[in-house]
Every structure is written in C-alpha cells, then in structure tokens.
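For reference, the structure discussed in these notes is given below.
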Amino acid sequence: MIDKRVATLTQAVSDVKDGSTILISGFGIAGIPIDLCHALIDRGATDLTLVTNNAGSGHTDVAALLKAGCVRKIVCSYPRSAGSIWFEELYRAGKIELELVPQGTLSERMRAGGAGLGGFYTPTAGGTLLAKGKETREINGREYLLEYPIRGDVALIKADRADRWGNLTYSKSARNFGPTMATAADLTIVQVREIVELGELDPECVITPGIFVNRVVEVGASS
Amino acid sequence: MIDKRVATLTQAVSDVKDGSTILISGFGIAGIPIDLCHALIDRGATDLTLVTNNAGSGHTDVAALLKAGCVRKIVCSYPRSAGSIWFEELYRAGKIELELVPQGTLSERMRAGGAGLGGFYTPTAGGTLLAKGKETREINGREYLLEYPIRGDVALIKADRADRWGNLTYSKSARNFGPTMATAADLTIVQVREIVELGELDPECVITPGIFVNRVVEVGASS
Amino acid sequence: MIQPLTREQMAARVARDIPDGSYVNLGIGVPTLVANYVPAEREVIYHSENGVLGMGPAPKPGEEDPDLINAGKQLVTLLPGGCYFHHTDAFVMMRGGHLDLTVLGAFQVSETGDLANWMTSDQYLPPAVGGAMDLAIGAKRVFVVMEHTTRRGEPKILKTCTYPLTGTGVVDRIYTDLAVIDVTDEGLVVREMIDGFDLEDLQEQTDAPLRSADDLSLLVHRTEVDLSSGL
Amino acid sequence: MIQPLTREQMAARVARDIPDGSYVNLGIGVPTLVANYVPAEREVIYHSENGVLGMGPAPKPGEEDPDLINAGKQLVTLLPGGCYFHHTDAFVMMRGGHLDLTVLGAFQVSETGDLANWMTSDQYLPPAVGGAMDLAIGAKRVFVVMEHTTRRGEPKILKTCTYPLTGTGVVDRIYTDLAVIDVTDEGLVVREMIDGFDLEDLQEQTDAPLRSADDLSLLVHRTEVDLSSGL
C-alpha cells in the first residue's frame, strides 16, 4: 500500500541532511511552506543551499532560515524585497553566497532537472551581465545561452489538498513554483491544508501527480 | 472584446496555406481532431507537413489526409499501427517523406518551440540509429543529443470544453499532445465538444489557457 | 513653465495604446497603474508571471485572498475566464512570444532599444532581476514608461546604457513625463511632446539624438479614460 | 521433454517481482499481461505514456470510454487516485527517472544490457519507435520479457545486438520462457531455469556467455497469483 502521509512536521523533515540543496516553493507570501521551513530550523539544519524565488522577508520562513544561520548559499531571482533584511545583512557582511538567475531560467532549469534533460538554450539574459561565463550559441540567427539543470536533494512545497498517493492541488497563484520543484528533487515533502480520501481529487484537475511526491503533511490553514 | 468562437469548420481552416506545417493532436483514436482534418481535406490543402504521433489508420482523419494526397512529409514517432494502410502504401511507393522522432523527444521539441527555447539536450536515443547526424555532448558523464524546436504554422487540436477566450479542458487520455501543440503553432485551431460561458470553466482546472488558442469551433460529441 | 505629466497621467497615456483583445503584462510601479485607465470597452487580458491570466482589479475590503497576488505582490482578483498555471508555464507564455505587449519601468533606454531596468551601480544593494529579462526578450512589443530624466536631471534616454542591461534592442516605445518616443531602425522618433517644448528643449534632456515625427502631436495631460489610440 | 513457459506464465513470473508501491510502465504485448498476475495486496501504480497514472483493468461491457486508452491503444479504466496529464509531462516522468520500473518486450538483448526492440531489418516495414527509447533510458529499472529464441530457434540474447538499438546498457533483468537472467557488471547471471535444463542446455540457446547464480533455482510454471518475489 502506498501511503505518503506523515503525521508531524518534525517527522517530515527528520532526515534532511546538513549541506543539502533545498528547493522551496513560493512567490511573495503565496505558496511558501512556512511550517516546513520552521521544522527545518528546529532540526538545526546547517550549510544549506536554498533554491527559491525570493530571499525571505520579515522574520519567518526563508528569512528565518537565514537568520538562524542554516544557509550557505541562495539561488534565486529576486532577493531584494520589502523587508528582506536578513538576507541583506548577510549579503553585506559577505556571509552568504548569491547565485542570481532570471526567474524564467530558474524555473526552466528546475524543469530540466525534473525532466531528465542535460541542458537547454534560452534567449533570456543574452547580451547581459548574467550571461557572463556562460556558453552561447547562435541558432537561427538568434543568440542563446546554454543553461544547465538544477536539482534539489529536497523540495519543500506548499499545496492545498493532497491524497495518500501524494496527488496535489494548489490554491490560485500559490501554485507558482510548486509543480516544477516537485519534479526536481530526490525527496519532495509537501505541506497541505487538507488531506482527502483517495479518489476525492478530480483526476482532470490534479496538478502534481503523486509520482513526484514523497511525503505529505497536513497543517490546516496555516499562517 | 475577445471572441475566438468560429461558427463552422470550413471557416476555422479557411486560411490554412498549402505547404504549411500542421501539428495534429491525438494518440491512437483519442484526441484526434477528426472534423478539422476533414475540413482541411475539403479545402483541398496540398504539400503539407504533418507533425503527429501516429500516421493514421483506417480511412479517416490523418489517414484521409494521406489518402487525399495532401501530405508531403510526416514527422511522427509511430507510423506503423494496425490499419495504417495509407501511410504504408505511400511509404513503400516512396511518395512520402518520414522523419521518425522518439515520442518524448517529439513532444519536448514542440514544447521547446512553444517556450521560446533554442534547443535542448536529451539522453533519449543516445547510441542509437536515431542519433545519426545529431550533435552529441557529454554532460556530467552522460551522453546527450542536441534537439531543436519544432513549430507549426497551424495546430489542429481536439479538446473537450472551451470558452470564448479559448480556455480549454480535455477528456481523459485524449489530452495527450493537445496542450503542448497549442503552444507551438502560429495559429491554433481547436474543435471542442462544447463551448461554455466565460467563467464556467474552473480557473484551477483550465489545462490550456486561452492565450495559446486562436479559434474554437463546437462540433458536439463528434465521431 | 512646462508641466511634466504626473505618474497617473503617464499611465493614462500608455493606456490609450493598449489594444482591445491583447494579452498584456504590466511591470511593477507606474506600469501597474496603466490598467486603471484602460477603457472598460476594451477587453484586455492581464498576465502575471506568478501564474495568473485574466487578472482583475484589487479586491474589495473583506474579499482579499493572500493566495491571489500579482508579480508586485499586491492582492488582486481574477476575472471570469481567468485561470491559474505554474511558474514554468507562465514563462512559456513570456519567453515563447505569446504576450502581445509588456509595459515596463526602466532606469535607462538606449537609442537602439537596449533596456536597463534591473540593476544600478549601487554595490551595497544585492542585485535582483526577477522576470524582467524574460519579459524584455519575450513579449511581442515592449513599452517603457519612466520619467524623462533622473531626479538629478541626468538623461535616462542614452546613446548607450551605462547600467547593466536587461535586454538588447528590445524596447519599441518610450513614454516619459515629457514625450512619447518610438525606437525605430532609424533611431529615436518623437511622436508626442508636452506643450511649451520644442525638439531642442527635449534634446537637452536626452543623450541620444532625437528626431521629430512628421505628424508630431501634443502630449496631453489627462487621467480620464480615453478611447483614442496613439499607436 | 522440457516445457517452456507460456506467455501467461512468463507474465505471471514477472508479476512476482513488481514491488508493492511502485510506479510501473508496462510495454505492449506480454508486458501488458503482467498486471493480471500482480497480487491485489500490492498497490502498484501503472503509468501510460499517453498521460495516465493509476490505470485500472479493462472496462466492463458498457463502461468503455474511447478517450481512456493505454499506450497499446486498448481501452482501460482509472483507479481512484489516478489522474491525467499531457504527453510532455508523461515523458517528464519517463525521461526524468521517476518510474521505478518498466517491463518491455524485445527482439534482442546484449550481455551488457543493450536493448533492441523497435526495428527489425525488414526494409518494407516503415520504422516505428514510439516511447520505447524514452522508457529504456528513463526508468530506474528495465525488465525485458521475451521468448528465449526466435521462432527459427536463433538466440535473442547476444554478445552484441544485430538489430538497431533502443538503448545501450539499459536492461537489468531478462525473463524468458526458459530462464530468468540478470544483467550484471560481470555479465549475464542465470537466476532461475526451467526443470530439465542445465546451464549447458541454456547456453546452447544463448549467444552471450552465461553463468549460474550461486542460488540458482527452478523457474516454475504457474499463472496463479504468487506473493513471493524472485528479486
């Protein structure tokens, strides 16, 4: 029998190793797996590489991971948001490594990681500072950059509903990076508002098929 | 106002040009835009390149396009099905060009076409006959082939429901190539069982957002 | 005494040029205001890179949903016919050339349409790019809306951008508080200019050479919704 | 007189080795039969490359839906918990290494696990590859099930395949009507063999060199569902 439900947040992240690369869903406030982030802090994780769109704001979730000293490096597209004080402090102090990736390239690189591709050519960032050091190639008269896949050891994702096979639905724009990140990690851990019976999710409307998910934990309508 | 509804099949394909590359959805019997194919035959189209998974069987849809002499070349993964008599006859007579592409690569090449990518590296077909003439590259110790995007002048797609903005849902495994092909053509024409009012499709369950669709025509529960 | 356009007036001017039936992505800042001035008669579908197509206006009090935000992280609504999708698909739309138009803010634009809108030379601020580069290279047309000069009066329309680029040769039209300028193969062409200015006055505030359109017209100050188009 | 396994018996033998909780893609032909012999106690999620996960058995008369088929174009059903997705995503699952296992038919397998299952040397038949190459390189484990020799008695397990390859070094285990053979770094290892055969008899029907596992056991003929595993 397949049962991906896990009873507690602590259990869900118990075997996440120090030094791991962690994909974290979310854009702005929407879709961030806040409870899983805090469970990871409680576990005392260190030396992490985070792959996530923003670098946290305020004092919770990604910002809390930074504040707690769990993070060595962050791969993201937009680390500078209103209230990204912890990131900015670490950045100015030279205490965190930043890899800045255009948002579409960030998402596409994770998709390539999940899809078993070796890389792809994108026109995005051609002729800019972010093309520095990247291999370029002219295809049909246009310049493209070669980008390589990103994979995580772990993905932490927030979804709306799940069943015991790990099928997921999301809520509105909180879907954002979740479906792609779920495909691109060795261990995909999902916090959901609600776990439902097998068969309750409309098979036409499952957004992340359970094959991409390892663990689901119900947190209710969390913060 | 945006209104992508077209009253008749004839109108829907009226401006498809001879010599066009046409993406046609469907796998086996599921998801083939039968009525659009026949409208294209009625228009007397010639010199077409078809991109579609199978090469038709029996005497309808893709097979009928072959039979009617509309097709110069076919790009597909599996031209040899039970009843693919028209393709086999043309093939043996040397009257049709075949580009055989592994199914996943076929789908991914169209996705690249729709996503604005210049190409991608795939491990599929490495070390096989289908790698012949293709550029290879070793990435992290594995051999990959460089594959280029496929785009169509036109995509003909069968979906289940649509609204006037061109949002689409599909039925079960008839979804297959539709969502990808819709993104990869200059002109995407869709036959649907039913056109519904704007707002009737659940925004969480729209599979093809209308931005990828140019025309929808209602055909009812067609053959 | 000339009167530069206010931010709202700039947004209203851009709004005149948003075609009926188009798919549009509005950047953060003044571009976001543009939607407020598009006539209700025009059906425009707004895209947001965080996975929304068919965005409506800000929610009424009590109807806010923290899961429904735009790229600027502001609360929004969804129109009937709108839908959600994941980030990778949102960028398929952008990079794949499916958006008719994007309206972006900018630090600098060059005479060949190079765009600089993501990074200044301030070494203390960490760089942040977001979806700007994907929009710049992907949308069929790119409109820039910005003040004509910096607060210190330095030109922002330059022969060559001095800030790091977002994309090269991508901008089609520039809307400032002083003028509407097309980027053409023959250089920058002024289409509209505010009252009290002649081309020399505008050139003084512009580093790149300008020339006047044959049908140069007045850039008017208004914020009421306007059905005419300057395209 | 030795008794080779029937197609059903071969399918039943493979079924013993399908682990509980695994994601499995079954190829066309004998592989498709495997599902019939997997014990009901094991929850196995079947994937089809045309966009189905959680396929159930053939529909009851009157419940057929032409929109719900498997990769072999046979009508199927969907289990509770199953779902649909598009072709490109179906191949993300395959190429991306998300399937635990695939069971495929084959024309030939080499001693290093090369697989030939898509093209013979018949020049009159148009070539057809389908999803075979994606499955071969993508699934975590690849089982092949096939007759040990061709109808003419020619070996199908070879030092080197003579037919065009589907993938190189991809096969993990071979199930034939005579034996179960593992492809290992040290060559082919016979795990099970039918009654009345010794390694020499089997070698006679095999081009590639075989060696016997230390715990070589009997390949039994049965089609009833079997809870034991030969893994």
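The sequence lines fix the lettering, A, B, ..., with proteins before strands; numbering per chain opens at 1. Keep in mind the model is a prediction, meaning the values are calculated, not measured.
Counting heavy atoms of neighbouring residues, nucleotides and ligands inside a 6.0 Å radius, atom NZ of B:Lys95 does not exceed 12 of them. Counting heavy atoms of neighbouring residues, nucleotides and ligands inside a 6.0 Å radius, atom CD of B:Glu89 does not exceed 12 of them.
Closest approach of D:Phe91 and B:Gly104 over heavy atoms only: CD2-CA, 3.1 Å. The nearest pair of heavy atoms linking D:Ile69 to B:Ala30 is CD1-CB, 4.0 Å. Nearest approach of D:Thr88 to B:Ser107, heavy atoms of both residues: OG1-OG, 2.7 Å. Residues D:Arg95 and B:Pro123 approach most closely at CD-CD, 3.9 Å, considering heavy atoms. Between D:Asp134 and B:Pro102, the shortest heavy-atom contact is OD2-CB, 3.9 Å. The two residues D:Thr166 and B:Thr128 come nearest to each other via the heavy atoms O-CG2, 3.5 Å.
For a residue to count as touching a neighbouring chain, one of its non-hydrogen atoms must lie under 4.5 Å from one of that chain's; by this rule B:Tyr170 does not touch chain D. For B:Arg142, the part lying near chain D is the side chain, with the backbone staying farther off; criterion is any non-hydrogen pair under 4.5 Å. In this structure, the portion of D:Asn70 lying under 4.5 Å from any heavy atom of chain B is its backbone and not its side chain. Contact of D:Tyr84 with chain B is made through backbone and side chain together, with heavy-atom distances under 4.5 Å. Residue contact with chain D, scored on non-hydrogen atoms closer than 4.5 Å, involves the side chain of B:Leu100 exclusively. Only the side chain of B:Arg92 comes within contact range of chain D, with at least one heavy atom under 4.5 Å from a heavy atom of that chain.
Taken to the nearest 0.5 Å, the OG atom of B:Ser25 stands 13.5 Å off from the NE2 atom of D:His86. Note that the OG atom of B:Ser77 and the CD atom of D:Glu49 stand 8.5 Å from one another [nearest 0.5 Å].
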Test side chain to side chain contact (heavy atoms under 4.5 Å, CB included) on B:Lys172 and D:Val76 and set out the steps. CA-CA 11 Å; B:Lys172 303 186 177 73; D:Val76 293; over 6 Å; no
Step-by-step side chain to side chain contact (heavy atoms under 4.5 Å, CB included) determination, B:Gln103 to D:His87: CA-CA 9 Å; B:Gln103 203 169 127; D:His87 236 86; 2.6 Å; yes
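Of all the listed residues (D:Gly167, D:Pro127, D:Ala136, D:Gly131), the one sharing the greatest number of non-hydrogen pairs under 4.5 Å with chain B is D:Pro127. Per-residue heavy-atom pair counts under 4.5 Å with chain D were compared for B:Leu130, B:Asn53, B:Asp160, and the maximum is reached by B:Leu130. Heavy-atom pairs under 4.5 Å with chain B peak, among D:Cys83, D:Ala116, D:Ala71, D:Gly72, at D:Ala71. The most heavy-atom pairs under 4.5 Å with chain B, out of D:Asp67, D:Val92, D:Leu78, D:Leu165, come from D:Asp67. Highest contact tally toward chain D, considering only B:Asn176, B:Leu129, B:Thr105, is held by B:Asn176 [criterion: heavy-atom pairs under 4.5 Å].
Using modelled atom types, no side-chain atom of B:Thr124 and backbone atom of D:Met133 make a donor-acceptor pair closer than 3.5 Å. Side-chain atoms of D:Asn50 never come within 3.5 Å of backbone atoms of B:Phe27 as a donor-acceptor pair (strictly under, hydrogens ignored).
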